[in-house]
Amino acid sequence: MNVVMKYIRKLPGFLQMVLNVSLFLVGLILSFLLLKETWSIFSYVFLYTEADKNYYEFTEELLVFFLYFEFIALIVKYFKTNFHFPLRYFIYIGITAVIRLIIVDHDDAKNTFWWSIAILAMVGSLLIANSKLLKRES
(Lines give C-alpha, C1' and ligand atoms only; values in the text may rest on other atoms or scores of the structure.)
Protein backbone atom coordinates (compact mmCIF):
# COMPACT_ATOMS: atom_id res chain seq x y z
CA MET A 1 0.00 0.00 0.00
CA ASN A 2 2.89 2.33 0.79
CA VAL A 3 4.34 1.80 -2.71
CA VAL A 4 1.00 2.73 -4.31
CA MET A 5 0.81 5.95 -2.28
CA LYS A 6 4.36 6.81 -3.38
CA TYR A 7 3.32 6.62 -7.05
CA ILE A 8 0.06 8.48 -6.41
CA ARG A 9 2.03 11.38 -4.91
CA LYS A 10 4.25 11.51 -8.00
CA LEU A 11 1.31 11.47 -10.42
CA PRO A 12 0.52 15.24 -10.38
CA GLY A 13 4.15 16.10 -11.14
CA PHE A 14 4.22 13.59 -13.98
CA LEU A 15 0.97 14.92 -15.43
CA GLN A 16 2.29 18.50 -15.14
CA MET A 17 5.38 17.44 -17.07
CA VAL A 18 3.26 15.80 -19.78
CA LEU A 19 1.16 18.97 -20.02
CA ASN A 20 4.24 21.20 -20.25
CA VAL A 21 5.88 19.08 -22.95
CA SER A 22 2.61 18.94 -24.90
CA LEU A 23 2.13 22.70 -24.68
CA PHE A 24 5.73 23.24 -25.76
CA LEU A 25 5.16 21.05 -28.84
CA VAL A 26 1.90 22.87 -29.61
CA GLY A 27 3.79 26.16 -29.30
CA LEU A 28 6.40 24.96 -31.80
CA ILE A 29 3.73 23.84 -34.25
CA LEU A 30 1.86 27.13 -33.88
CA SER A 31 5.11 29.05 -34.39
CA PHE A 32 5.71 27.18 -37.64
CA LEU A 33 2.14 27.89 -38.78
CA LEU A 34 2.55 31.55 -37.79
CA LEU A 35 5.64 31.80 -39.99
CA LYS A 36 3.78 30.09 -42.82
CA GLU A 37 0.87 32.52 -42.45
CA THR A 38 3.31 35.44 -42.35
CA TRP A 39 4.81 34.28 -45.64
CA SER A 40 1.33 33.95 -47.10
CA ILE A 41 0.46 37.52 -46.07
CA PHE A 42 3.71 38.97 -47.41
CA SER A 43 3.39 37.09 -50.68
CA TYR A 44 -0.19 38.28 -50.99
CA VAL A 45 0.84 41.91 -50.47
CA PHE A 46 4.00 41.96 -52.57
CA LEU A 47 3.69 39.20 -55.18
CA TYR A 48 0.03 39.14 -56.24
CA THR A 49 -1.34 41.46 -58.88
CA GLU A 50 -4.44 43.55 -58.31
CA ALA A 51 -6.52 41.14 -60.41
CA ASP A 52 -5.54 38.20 -58.17
CA LYS A 53 -6.31 39.89 -54.86
CA ASN A 54 -9.38 39.06 -52.83
CA TYR A 55 -9.55 41.31 -49.81
CA TYR A 56 -11.94 39.09 -47.87
CA GLU A 57 -9.44 36.23 -48.05
CA PHE A 58 -6.62 38.60 -47.07
CA THR A 59 -8.57 39.82 -44.04
CA GLU A 60 -9.36 36.23 -43.09
CA GLU A 61 -5.66 35.29 -43.34
CA LEU A 62 -4.72 38.31 -41.26
CA LEU A 63 -7.13 37.34 -38.50
CA VAL A 64 -5.90 33.74 -38.57
CA PHE A 65 -2.40 35.22 -38.16
CA PHE A 66 -3.57 37.04 -35.03
CA LEU A 67 -5.20 33.87 -33.69
CA TYR A 68 -1.89 32.00 -34.02
CA PHE A 69 -0.12 34.94 -32.42
CA GLU A 70 -2.56 35.02 -29.50
CA PHE A 71 -2.32 31.28 -28.87
CA ILE A 72 1.48 31.48 -28.86
CA ALA A 73 1.30 34.44 -26.47
CA LEU A 74 -1.04 32.41 -24.25
CA ILE A 75 1.42 29.51 -24.11
CA VAL A 76 4.33 31.86 -23.36
CA LYS A 77 2.30 33.52 -20.61
CA TYR A 78 1.48 30.07 -19.19
CA PHE A 79 5.16 29.28 -18.72
CA LYS A 80 6.03 32.78 -17.43
CA THR A 81 3.25 32.88 -14.82
CA ASN A 82 4.16 29.61 -13.15
CA PHE A 83 1.83 27.32 -15.11
CA HIS A 84 -1.28 29.51 -15.06
CA PHE A 85 -3.54 30.48 -17.98
CA PRO A 86 -4.86 34.05 -17.61
CA LEU A 87 -8.57 34.24 -18.36
CA ARG A 88 -8.30 37.46 -20.35
CA TYR A 89 -6.12 35.78 -23.00
CA PHE A 90 -8.91 33.30 -23.72
CA ILE A 91 -11.33 36.21 -24.04
CA TYR A 92 -9.00 37.95 -26.50
CA ILE A 93 -8.84 34.78 -28.57
CA GLY A 94 -12.62 34.45 -28.47
CA ILE A 95 -13.16 38.03 -29.61
CA THR A 96 -10.71 37.59 -32.49
CA ALA A 97 -12.31 34.30 -33.51
CA VAL A 98 -15.82 35.79 -33.56
CA ILE A 99 -14.62 38.82 -35.55
CA ARG A 100 -13.09 36.41 -38.06
CA LEU A 101 -16.38 34.52 -38.21
CA ILE A 102 -18.33 37.73 -38.86
CA ILE A 103 -15.96 38.75 -41.65
CA VAL A 104 -16.02 35.33 -43.31
CA ASP A 105 -19.74 34.61 -42.92
CA HIS A 106 -21.66 37.89 -42.95
CA ASP A 107 -24.49 36.93 -45.32
CA ASP A 108 -27.23 36.68 -42.69
CA ALA A 109 -27.84 39.92 -40.80
CA LYS A 110 -29.51 38.13 -37.89
CA ASN A 111 -26.49 35.88 -37.30
CA THR A 112 -24.16 38.86 -37.59
CA PHE A 113 -26.23 40.67 -34.98
CA TRP A 114 -26.03 37.73 -32.56
CA TRP A 115 -22.30 37.33 -33.11
CA SER A 116 -21.81 41.02 -32.37
CA ILE A 117 -23.83 40.57 -29.16
CA ALA A 118 -21.44 37.73 -28.29
CA ILE A 119 -18.51 40.12 -28.82
CA LEU A 120 -20.20 42.66 -26.57
CA ALA A 121 -20.64 40.00 -23.89
CA MET A 122 -16.97 39.02 -24.18
CA VAL A 123 -15.90 42.66 -23.90
CA GLY A 124 -18.04 42.94 -20.76
CA SER A 125 -16.46 39.81 -19.34
CA LEU A 126 -13.04 41.25 -20.22
CA LEU A 127 -13.86 44.33 -18.17
CA ILE A 128 -14.83 42.11 -15.25
CA ALA A 129 -11.72 39.94 -15.67
CA ASN A 130 -9.49 43.03 -15.69
CA SER A 131 -11.11 44.48 -12.58
CA LYS A 132 -9.08 44.58 -9.40
CA LEU A 133 -11.23 41.89 -7.82
CA LEU A 134 -10.15 39.19 -10.28
CA LYS A 135 -6.67 40.38 -11.19
CA ARG A 136 -4.03 37.87 -10.03
CA GLU A 137 -0.97 38.81 -12.00
CA SER A 138 1.01 42.00 -11.71
Of all the heavy-atom pairs spanning [X] and [Y], show the shortest one and how long it is.
{"X": "Ile93", "Y": "Leu67", "answer": "O-CD2, 3.7 Å"}
{"X": "Ser43", "Y": "Ser40", "answer": "OG-O, 2.9 Å"}
{"X": "Pro86", "Y": "Lys77", "answer": "CG-CG, 3.6 Å"}
{"X": "Thr112", "Y": "His106", "answer": "OG1-CA, 3.8 Å"}
{"X": "Leu87", "Y": "Ala129", "answer": "CD2-CB, 4.0 Å"}
{"X": "Phe85", "Y": "Leu23", "answer": "CZ-CD1, 3.7 Å"}

Under 4.5 Å between any side-chain heavy atoms of [X] and [Y], yes or no?
{"X": "Phe113", "Y": "Lys110", "answer": "no"}
{"X": "Val64", "Y": "Glu61", "answer": "no"}
{"X": "Tyr92", "Y": "Arg88", "answer": "yes"}
{"X": "Lys53", "Y": "Tyr44", "answer": "yes"}
{"X": "Val18", "Y": "Phe14", "answer": "yes"}

Verify the neighbour count for atom [atom1] of [X]: are there more than 12 heavy atoms of other residues, nucleotides or ligands below 6.0 Å?
{"X": "Lys36", "atom1": "NZ", "value": "no"}
{"X": "Phe66", "atom1": "CZ", "value": "no"}
{"X": "Tyr78", "atom1": "OH", "value": "yes"}

Requested in this report: Spell out, yes or no, whether Val26 and Leu33 are grouped together once hydrophobic residues are joined by side-chain heavy atoms under 4.5 Å, including indirect joins.
Outcome: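 Same hydrophobic cluster.
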
Which label fits Phe83 and Phe79: parallel for a plane angle under 30°, tilted from 30 to 60°, or perpendicular past 60°?
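Perpendicular.
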
Q.
Please identify which of these residues, Thr96, Leu101, Val104, meets the side-chain contact (heavy atoms from CB on, under 4.5 Å) condition with Leu63.
A.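 Going through the options one by one, the only one that passes is Thr96.
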
